[in-house]
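Computed from heavy atoms alone, side chains included, the values below leave out hydrogens, waters and symmetry copies.
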Amino acid sequence: MVDSCIKRYRLLAYQSYSSTTQHERLSWEVSPRAVLLRKLETALHDHQLDEAWVNFNGYKTLYGFPPDDLTSKLVLEFSYSADPCWLQRAYNLAVLICEEHSKKSLQVDILTKLSLPLARAQMPIPASVTLRLMLDRRKLPPMNVLWLVLFHMAKTDTGTHLASNFLIQVCDCFLDSNAEKDQLAKLVKPDTMTFNIVLDGCVRFKSSLKGQQVLELMSRIGVTADAHSITLIGQIHEMNGLRDEVKKLKYHIDGLPSTFLCHYQQLYNSLLNLHFKFDDIDAAAKLILGMHIPRNSATLHEKYRRESQKPHLVSIGSDSIRSGLKMQIVPELLVKDSILQSQTELELVTFRNGKILLRKRALAKLVGGCRRHGRISELSEVLYSIQEDYHKQEGSNLCSKVIEACVHVGWLETAHDILDDMEKLGGRSMSLTTYMTLLKAYYGKQMLKQGNALLRRMRKLGWLVDVSDEVVASSCSSEISGIEYSSYKCTSGLAEFLFQEADGEEKVMSPTVYELNSTIYFFCKAKMMEDALKTYRKMGHMEIQPTVQTFAHLVHGYSSLGMYREITILWGDIKRNMEKSNLALCRDMYECLLLNFLRGGYFERVMEIVDYVKKQNMYADKWMYRCEFLKLHKNLYTSLRASETRNDAQKKRLQHVAAFRKWAGVV
């Protein structure tokens, strides 16, 4: 009985085993898809990226894309890797899903989680495409994530260029929507920090034309500029030589208490540098004196309390243009937890104990400029007015330093004039060392008349009374016998900067260029292109070489009026200047020209720009050009063949359009 039960159990077990094996075999034969999916799930669960990639490709080859959840998980797993190869695969897969498989689309949060590691890995091109894929759906990452993505992108020149173009694209998307009716527009409106990150990158990589475009968009979409924005905007204007624009910004910070000065030392640096570039010594002196005026008065504090946190409107271009752009600024608005680094050491000014003081390079520029224009008495008055602050801060005599530095570089007459002026003004008495420095220089250069006159003055002050003229002259001459005094080893940093100032006078761009460029900028912003063109032609009559900024102002002016044909004429002038002079266009200028030629349909000119970009090995944002082409010329010559063209001109244009399509990747 027992044996029969055991046999029956074994038979049932065998039948059950056979049935299960046969079922699995049939399942494998009928549905290998399930097996591949199971393998893919297992590989993803175990974080086996290589195995997951193999199984994904196997499944896609046989059946197309896996289910959405698995595809998304695969992109996420790849994006978590620090290996650029896996990040590139994640990006490639995301683009493949979004572009080739229209029925499927990655969720925005997946693209968001992909964009940040791409940016961190310094892969700005994939990061920018990922952001643009989101923007195509009228979505953006959360602002704090977008800040980080743009921040990491802006660490490189190419990344800054792409971050700027993406921000411009976001602004265009916002402006195309009716902000009052379209609630989606609010989702894509960038904030102040976003602009600051991009502007900061433009400043660091000297992308002044792109920075100008970004800051103008800031005003167009109504984003308020904070303290950091203002200093960055000032630097952009400085690079473009737009002194009047910086002066407008300074007007709105003049009334702030001294506690805010440390945040605006960069703006003072920018404006002072522009005064020197314009060779405007009067304006530079006035600014320097203004920096030393105490700001703790009750009037300033009352004005600050009354206007604190109220937006101020600053015009871009002329104040008299009603239709011109107005930027909202709040000079008192400070961001405490900014992801941007604090400003580095400045070239011309520094901030110490509540005061903005001149650095040695700025002092050298002031001395050199006053000497060049024969304005030593004005220089002395400035030095006399500000020396007390320097004595409090550094414990040294500023005028003595300037005199000794002038002696070191051989400017003995200048040094003597300052010494005379200081005595007349009743300034802090000069030390014996200062007088002896000038006296030795006179006798060393055999300037006995001047040396004896200075010695008589020193004796009136009680120095060298018991020493004869011959002994003093002999002692001074023997000390520096046979050596040109100006070739002495400089012990003063100021003297080194004075040497640089003297050597660089011939290399400095003519101030007239800055003045004429500012005039052209004003006319272009006012859409007075005939006057702008007259000013441009005036440069030619004066034999003044136009700059990149000259042509940029004109191109933007014509572009704002849709005058693309005039830009093609201007392009001829640009090419002639490039051939006969050292004019070198930057990438931003090439991009501006290319976009305008594209909008005007001048494809031969478009391909000329493309050739220049290729020769100079510049990165080109083909995504942007592709979008512009599809927006304006999507169906251009799509069905026309070369044999069907009406004439040679159309045939040639067809060839240029085809060449652009191929270069930009327009399908």
Side-chain angles (χ1 to χ4, degrees), residues 208-209 211-213 216 236-248 270-271 273-284 315-325 369 372-373 504-586 588-590 592-593 596-597 600 605 609:
S208 61
L209 300 184
Q212 184 72 27
Q213 187 180 4
E216 289 181 8
I236 296 292
H237 288 320
E238 177 192 357
M239 289 190 285
N240 287 320
L242 301 175
R243 180 172 64 158
D244 289 339
E245 301 299 310
V246 184
K247 289 165 72 173
K248 293 175 192 175
S270 297
L271 183 55
N273 191 32
L274 284 170
H275 286 328
F276 288 133
K277 285 183 177 180
F278 277 75
D279 201 21
D280 192 344
I281 299 303
D282 287 333
S315 63
I316 298 177
S318 173
D319 292 328
S320 59
I321 304 174
R322 293 183 179 180
S323 60
L325 294 175
R372 188 166 57 250
H373 290 283
E505 283 184 0
E506 296 181 357
K507 303 176 184 177
V508 175
M509 188 183 298
S510 169
T512 310
V513 176
Y514 292 104
E515 294 169 2
L516 292 175
N517 278 351
S518 296
T519 303
I520 291 172
Y521 172 80
F522 166 80
F523 285 137
C524 290
K525 286 298 175 188
K527 303 188 187 303
M528 301 166 63
M529 296 309 299
E530 290 186 6
D531 295 286
L533 196 58
K534 287 179 183 178
T535 308
Y536 166 64
R537 288 171 179 162
K538 183 179 178 181
M539 297 179 81
H541 297 322
M542 298 173 66
E543 296 184 351
I544 294 177
Q545 173 65 43
T547 65
V548 173
Q549 277 71 26
T550 310
F551 293 116
H553 298 330
L554 290 168
V555 170
H556 284 302
Y558 283 131
S559 179
S560 66
L561 297 171
M563 301 171 69
Y564 302 116
R565 183 176 178 276
E566 284 71 13
I567 298 177
T568 64
I569 298 172
L570 188 64
W571 169 235
D573 282 0
I574 295 173
K575 287 191 290 185
R576 282 189 288 274
N577 277 275
M578 291 169 65
E579 292 169 359
K580 72 178 184 180
S581 66
N582 294 323
L583 179 67
L585 299 190
C586 59
D588 294 344
M589 188 66 194
Y590 281 123
C592 179
L593 287 166
N596 279 286
F597 292 152
R605 303 287 85 80
I609 302 294

Check your understanding: Taking atom CD1 of Ile574 and atom CG of Leu593, what is their separation to the nearest 0.5 Å?
Key -> 5.0 Å

Point to revise | From CG (Leu242) to CD1 (Ile316), nearest 0.5 Å | key: 10.5 Å

Under 3.5 Å donor-acceptor pairs involving side-chain atoms of residues 529-537, not counting sequence neighbours:
from: Thr535; atom 1: OG1; to: Asp531; atom 2: O; distance (Å): 2.9
from: Tyr536; atom 1: OH; to: Asp573; atom 2: OD2; distance (Å): 3.0

Study note, to complete from the structure: Value for CG (Leu570) from CG (Leu554), rounded to nearest 0.5 Å, stands at 5.5 Å

Review point. Does anything in residues 516-528 pair up under salt bridge (Lys or Arg N to Asp or Glu O under 4.0 Å), and if so which pairs, sequence neighbours excluded?
Key: Glu216-Lys525

Check your understanding: So do Gln212 and Asp588 actually touch side chain to side chain, heavy atoms under 4.5 Å?
Key -> no

Review point. Sequence neighbours excluded, which residues qualify as side-chain contact (heavy atoms from CB on, under 4.5 Å) partners of Lys277?
Key: Asn273, Leu274, Tyr514

Study note, to complete from the structure: By side-chain hydrogen bond (donor to acceptor under 3.5 Å, both in side chains), Glu515 pairs with (sequence neighbours left out) none

Exercise for review: First locate atom CD of Glu566, then atom CG of Leu561, and finally report the distance between them rounded to the nearest 0.5 Å.
Suggested key: 9.0 Å

Study note, to complete from the structure: Of all heavy-atom pairs linking Ala584 and Val548, the shortest is O-CG2, 3.4 Å

Check your understanding: With a 4.5 Å heavy-atom cut-off, do Pro546 and Leu583 have their side chains touching?
Key -> no

Review point. Can you list the residues that meet the side-chain contact (heavy atoms from CB on, under 4.5 Å) rule with Gln549, with sequence neighbours excluded?
Key: Ser208, Leu209, Asn240, Asn517, Thr547, His553

Exercise for review: Indicate the atoms forming the closest heavy-atom contact of Ile567 with Phe597, along with that distance.
Suggested key: CG2-CE2, 3.7 Å

Study note, to complete from the structure: Closest non-hydrogen contact found for Phe278 with Ser518 is CZ-OG, 3.6 Å

Exercise for review: State, yes or no, whether a side-chain contact exists between His556 and Cys592 at a heavy-atom distance under 4.5 Å.
Suggested key: yes

Point to revise | With Glu245 via salt bridge (Lys or Arg N to Asp or Glu O under 4.0 Å) - residues at least two apart | key: Lys248

Review point. What pairs with Gln213 under side-chain contact (heavy atoms from CB on, under 4.5 Å), at least two apart in sequence or on another chain?
Key: Ile168, Lys210

Review point. Do Leu516 and Met542 have side chains that get closer than 4.5 Å, going by heavy atoms?
Key: yes

Review point. Side chains of His373 and Asp279: does their closest heavy-atom pair fall under 4.5 Å?
Key: yes

Check your understanding: So how far is it from Ser510 OG to Glu543 CD, rounded to the nearest 0.5 Å?
Key -> 12.5 Å

Practice item. For Arg243, enumerate each residue passing the side-chain hydrogen bond (donor to acceptor under 3.5 Å, both in side chains) test, keeping only those at least two apart in sequence or located in another chain. Key: His275, Asp280

Check your understanding: Could you walk me through whether Lys538 and Thr519 pass the side chain to side chain contact (heavy atoms under 4.5 Å, CB included) check?
Key -> CA-CA 11 Å; Lys538 183 179 178 181; Thr519 303; over 6 Å; no

Point to revise | Donor-acceptor under 3.5 Å (Ser581 side chain, Asn577 main chain) | key: yes

Review point. Partners of Lys247 by side-chain hydrogen bond (donor to acceptor under 3.5 Å, both in side chains), sequence neighbours excluded?
Key: none

Point to revise | Straight-line distance of Phe551 CZ to Met589 CE, nearest 0.5 Å | key: 7.5 Å

